[in-house]
Amino acid sequence: MRLIQNMCTIAEYPAPGSAAAECCLAAAGRRLVKIAVVGASGVGKTALVVRFLTKRFIGDYERNAGNLYTRQVQIEGETLAIQVQDTPGIQVHENALGCSEQLNRCIRWADAVVMVFSITDHKSYELIGQLHQHVQQLHPGTRLPVVVVANKADLLHVKQVDPQLGLQLASMLGCLFYEVSVSENYNDVYNAFHVLCKAVSHKQQPSSTPEKRRSSLIPRPKSPNMQDLKRRFKQALSAKVRTVTSV
Ligand SMILES: Nc1nc2c(ncn2[C@@H]2O[C@H](COP(=O)(O)OP(=O)(O)OP(=O)(O)O)[C@@H](O)[C@H]2O)c(=O)[nH]1
């Protein structure tokens with residue numbers, strides 16, 4: 001995709017996890033948050049990513065081959081570098097997800113995932129449960145932050161999925177949920193990404209949680225005075241020697 005090349009905050013990178021991309025960010029001294037955007041074809045993944053990165057809605061795109069972009073965000077006073085990986089649309093073959101190795105690599109690479117469906121496409125909604133399971137399988141032993149996004153909220157007249165169902169599904173899966181219209185509202189799009197960045201940032205810095213910070217401020221009990229300990233040890237020893245000699 002060429003349309004955002006003129007944005008100085010955005011750069012295209014050759015591949016997720018490529019040494020070149022990560023070196024750049026490391027050199028800038030930024031912590032890095034990696035987000036993959038996944039979902040069925042045509043649900044608005046590219047439109048969502050471009051809206052988040054440029055604030056603009058651009059109606060038509062080439063079919064996505066999977067592009068990676070980066071920008072900086074402010075999270076709780078810290079500037080983080082975030083990389084957003086747009087991915088090709090997922091197909092379903094006889095009830096099984098058709099995930100390419102390229103897509104699996106993107107999911108493994110990610111610190112967090114945005115799962116998009118369109119309220120105008122019931123099949124794209126049905127795919128979310130399976131997709132969530134697939135993501136968890138690719139990240140065994142960790143709870144990856146995931147946001148479910150119901151897009152095209154402006155197209156109510158051709159709605160096939162009640163957004164309420166999306167909310168129910170997301171809470172059943174333990175994910176956050178945002179209903180957005182990429183074409184009409186930037187703030188909801190921004191919030192969906194922002195909340196993910198925050199979740200990852202907290203995960204990356206477990207020692208800076210408020211509980212930990214608080215506990216480090218509580219004064220520790222003072223250790224017993226060494227001189228006092230030595231004196232008591234000597235006393236106990238000489239008492240024992242006295243007992244033995246008196247027998
Ligand atoms: N009305 C409306 N159209 C949208 C919205 N978001 C995306 N679209 C349109 O939906 C179509 C598909 O959008 P894309 O962003 O290309 O979808 P995609 O999921 O990246 O598609 P693939 O590249 O095939 O996986 C485009 O014509 C967009 O303009 C929205 O919020 N409202």
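In each ligand, atom 1 is the first atom listed, and ligand 1 is the first ligand listed. These numbers come from a predicted model, not from an experiment.
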Within the 4.0 Å heavy-atom shell around [X], which atoms of ligand 1 are there?
X: S183; value: 2 (C), 30 (C), 31 (O), 32 (N)
X: T46; value: 15 (O), 20 (O)
X: S181; value: 31 (O)
X: K45; value: 15 (O), 17 (O), 18 (P), 19 (O), 20 (O), 21 (O), 22 (P), 25 (O)
X: S41; value: 22 (P), 24 (O), 25 (O)
X: G89; value: 25 (O)

Euclidean distance, Q83 CD relative to R71 CZ, rounded to 0.5 Å: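 It is 13.5 Å, given to the nearest 0.5 Å.
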Spacing of CZ belonging to R31 relative to SG belonging to C197, to within rounding of 0.5 Å: 10.5 Å
Test the R56-Y186 pair against the cation-pi criterion, namely NZ or CZ under 6.0 angstrom from the six-membered ring centroid and within 45° of the ring axis. no
Candidate pair E101 and R108, rule salt bridge (Lys or Arg N to Asp or Glu O under 4.0 Å), full reasoning: CA-CA 10 Å; E101 195 36 50; R108 277 194 213 98; 3.4 Å; yes
Should one rank D154, V158, V180, V38 by closest heavy-atom distance to atom 2 (C) of ligand 1, which comes out on top?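 Shortest heavy-atom distance from atom 2 (C) of ligand 1: D154.
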Spell out, yes or no, whether [X] and [Y] are grouped together once hydrophobic residues are joined by side-chain heavy atoms under 4.5 Å, including indirect joins.
X: Y125; Y: V158; result: no
X: V182; Y: L155; result: no
X: V161; Y: L156; result: yes

Kindly confirm or rule out an N or O of [X] lying under 3.5 angstrom from an N or O of ligand 1.
X: G44; value: yes
X: T87; value: no
X: V182; value: yes
X: F57; value: no
X: G42; value: yes

As a test of understanding, state which of V73, L32, T70, V200 forms a side chain to side chain contact (heavy atoms under 4.5 Å, CB included) with I82. V73
Under 4.0 Å, heavy-atom basis, I'd like to know which part of L48 is in contact with ligand 1: side chain, backbone, both or neither.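 No part of L48 comes within reach of ligand 1.
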Tell me the contacting part of D86 for ligand 1: side chain, backbone, both, or neither, using a 4.0 Å heavy-atom threshold, strictly below. neither
Electrostatic pair E184-R51, nearest N-O below 4.0 angstrom: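 Result for this pair is no, no salt bridge flagged.
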